[in-house]
K.L.:
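Take a look at the following structure, please.
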Amino acid sequence: MKPRVRYAPSPTGHLHIGNARTALFNYLYAKHHQGAFIVRIEDTDVARNVETGIASQMAHLRWLGIEPDESIEHNGAYGPYRQLERLDLYTRYAEQLLEKNLAYKCYCTAEELEAEREALKDAGDDKLHYSRKCLHAPHQDAPYAIRFKVPENSTWTFEDMVKGNVTFHSDDIGDWVIMKQNGIPTYNFACAVDDHLMAITHVLRGEDHITNTPKQMMVFKALGWSPPVYGHMTLIVNEQGKKLSKRDGAILQFIEQYKDLGYLPEALFNFIALLGWSPQVEEEIFSPEALIEHFDARRLSTSPARFDQTKLTYINNRHIKMLDSEALKALCLPFLEQANILEGKDESFVDSLIDVFRDRLSYGSEIVALYHDFFQDNPELSSETQAFITTIEGVRSLLETFLRNLDERTEVLTPDIYKEIIKETGKTCGMKGKNLFMPIRIAASGSMHGPDLPKMMHLLGKDTLKRRFVRLLQDEDIL
RNA sequence: GGCCCGUUGGAGAAGCGGCUUAACUCACCAGCCUUUCACGCUGGCAUUCACGGGUUCGAAUCCCGUACGGGUCACCA
């Protein structure tokens, strides 16, 4: 049987990295087994719904390369795919439970419930379960919620795809609300009903849902259905080992933010897949297709996945290196334009700028910072750089020779010609290797590390280059 | 507090009873390559798997306990 899996977001905002990861693993599981990937919108918390949230979630999923087989935007045989459009279904099943005496109406008000909990707390009760006050309450003409009657002394065990055998006891679960006073189901009820109605076979979700599982299993049992296979993935934690909080501004955790910075969707896809999962093979840079092929739910980790931004940067850089120049240009161009860097520059400038920096670029918008660092005049020399340059005999005459050779060139300069000039200079001064290249590199860029020298000189342009050489030659402290 | 889960190097992370003198990746260091830099390549980097007991001929791997970390206990999802 082909699996049917789902990603069930509530549209309360943008696509979070944790949600993206849930979507991604479900998608990988479905595609690996030639099954179906469904997106179901869980919008039963009317107060928190953000209408643009749905569109944003769908758009970013698509940007990541995760295309649902069934969703509000794709036709499917199990719709509607938005819970608020399925209210009659939940009502019908809730009534069934009521009739079978597996659920009951609860007339308690929010204040009463709150007071009840306070009292339990004061009494030292640590479960804080509902008192079942309304279990036998006579019918009243008042607003009510419907509670599920948790079977006493029952055990709920399931074979979790990642954690193995997990058991919960009914003693630890109070009678919970399945239908709110406003006629809208709660998450656990709607979720169970839909998972059954949509013929979901496997549920891969975050570990924060593990305690919901017995509740959902109870619904399945009460309605005579058999539950899907559950798998609970470990949480994504930050440097401090805490669950990633959407309110934590220190880490970028929305897909949109990475998209806006010029990260590549396939790199994010790759990175997220490694959050709580590891491939059998030894490499870790993969295309989405390769990940689908390699995916194996048995290799989902049981310990929390740490969100490692350095690793993301590295992975993105690797994917950038795989881009052809056209694609890389398309990635960088918007950022360069937005930063007004291209004004008065011709096409070849962009090409050589990108060519010079392509190896060290971690994400698209970084090209702007690299540009500014590079074209900033008066770069300060590090102590390492100063120390090095003062040890070279004859630096001054080397740099002067280079300048003279540069001036003699009247043709249009290219990286190859810069290479010749360096060669000439070396010959004249009797210098080679590090002693030849390093002073020139330092004069040109202010640093001992950087891109390919001839290419970068070409990018800098003759005038800027000359100015930098002259400035260094005038600096009495250094030379 | 109850219930559930986790703890392997500077970092991520494999390994799930003998093939492990603990993969792989990032970072770092050294060497090679390149007349420089970067890329790339090669090598180095945990005598040890939170701690304490136990089971076993044999344990990072199984069991118990302790410590630490996390999740969850809503008419939120």
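Just so we're on the same page: letters track the sequence lines, and every chain starts at 1.
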K.L.:
Strictly below 4.0 Å: does A/K434 bring a side-chain N or O up to OP1 or OP2 of B/C37?
P.N.:
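For B/C37, OP1/OP2 do have a side-chain N/O of A/K434 under 4.0 Å.
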
K.L.:
Can you tell me if the side-chain N/O atoms of A/R299 get under 4.0 Å from OP1 or OP2 in B/G15?
P.N.:
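Affirmative; the distance criterion is met.
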
K.L.:
May I ask you to verify whether the side chain of A/D208 and the base of B/A77 hold a donor-acceptor pair under 3.5 Å?
P.N.:
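Result: no qualifying N/O pair found.
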
K.L.:
Between A/R306 and B/A11, does any side-chain N or O lie under 4.0 Å from OP1 or OP2?
P.N.:
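Negative; the distance criterion is not met.
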
K.L.:
Distance between the C1' atoms of B/U8 and B/C32, in whole angstroms?
P.N.:
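Here B/U8 and B/C32 have their C1' atoms 33 Å from each other.
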
K.L.:
Nearest 0.5 angstrom please: A/N212 CG to A/N188 CG, how far?
P.N.:
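One gets 4.0 Å once the value is rounded to the nearest 0.5 Å.
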
K.L.:
Does A/K180 make a side-chain N or O approach to OP1 or OP2 of B/A74 shorter than 4.0 Å?
P.N.:
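The answer is no; no side-chain N or O of A/K180 sits under 4.0 Å from OP1 or OP2.
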
K.L.:
Quick check on B/A38: is either OP1 or OP2 less than 4.0 Å from any side-chain nitrogen or oxygen of A/H449?
P.N.:
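For A/H449, the contact criterion (side-chain N or O under 4.0 Å from OP1 or OP2 of B/A38) is met.
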
K.L.:
Rounding to an integer number of angstrom, what distance separates B/C75 and B/A50 when you compare their C1' atoms?
P.N.:
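Per the computed distance, 43 Å lies between those C1' atoms.
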
K.L.:
C1' atom, B/C45 versus B/G6: distance in rounded Å?
P.N.:
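27 Å, rounded to whole Å.
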
K.L.:
Tell which nucleotide pairs with B/C41, taking only Watson-Crick or G-U wobble pairs whose two distances are both under 3.5 angstrom.
P.N.:
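B/G31 is the nucleotide pairing with B/C41.
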
K.L.:
So, OP1 or OP2 of B/C76: does either fall under 4.0 Å of a side-chain N or O from A/Y187?
P.N.:
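Checking B/C76 against A/Y187, no side-chain N or O comes under 4.0 Å of OP1 or OP2.
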
K.L.:
A/T167 side chain N/O closer than 4.0 Å to the phosphate oxygens (OP1, OP2) of B/C4?
P.N.:
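For B/C4, OP1/OP2 do not have a side-chain N/O of A/T167 under 4.0 Å.
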
K.L.:
Mind checking who B/U7 pairs with, Watson-Crick or G-U wobble, both distances under 3.5 Å?
P.N.:
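Pair assignment: B/U7 / B/A67.
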
K.L.:
Could you give the NZ-to-P distance, from A/K127 to B/G2, as a whole number of Å?
P.N.:
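Distance, rounded to whole Å: 11 Å.
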
K.L.:
Think A/S278 has a side-chain N or O under 4.0 angstrom from the OP1 or OP2 of B/A14?
P.N.:
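True: A/S278 side-chain N/O within range (under 4.0 Å) of B/A14 OP1/OP2.
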
K.L.:
Roughly how many Å apart are B/C16 and B/U61, using the P atom of each and rounding to a whole number?
P.N.:
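It works out to 12 Å between them.
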
K.L.:
In terms of side-chain heavy atoms, does A/H139 have a donor or acceptor partner in A/Y144 at a distance below 3.5 Å?
P.N.:
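No, no side-chain donor-acceptor contact under 3.5 Å.
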
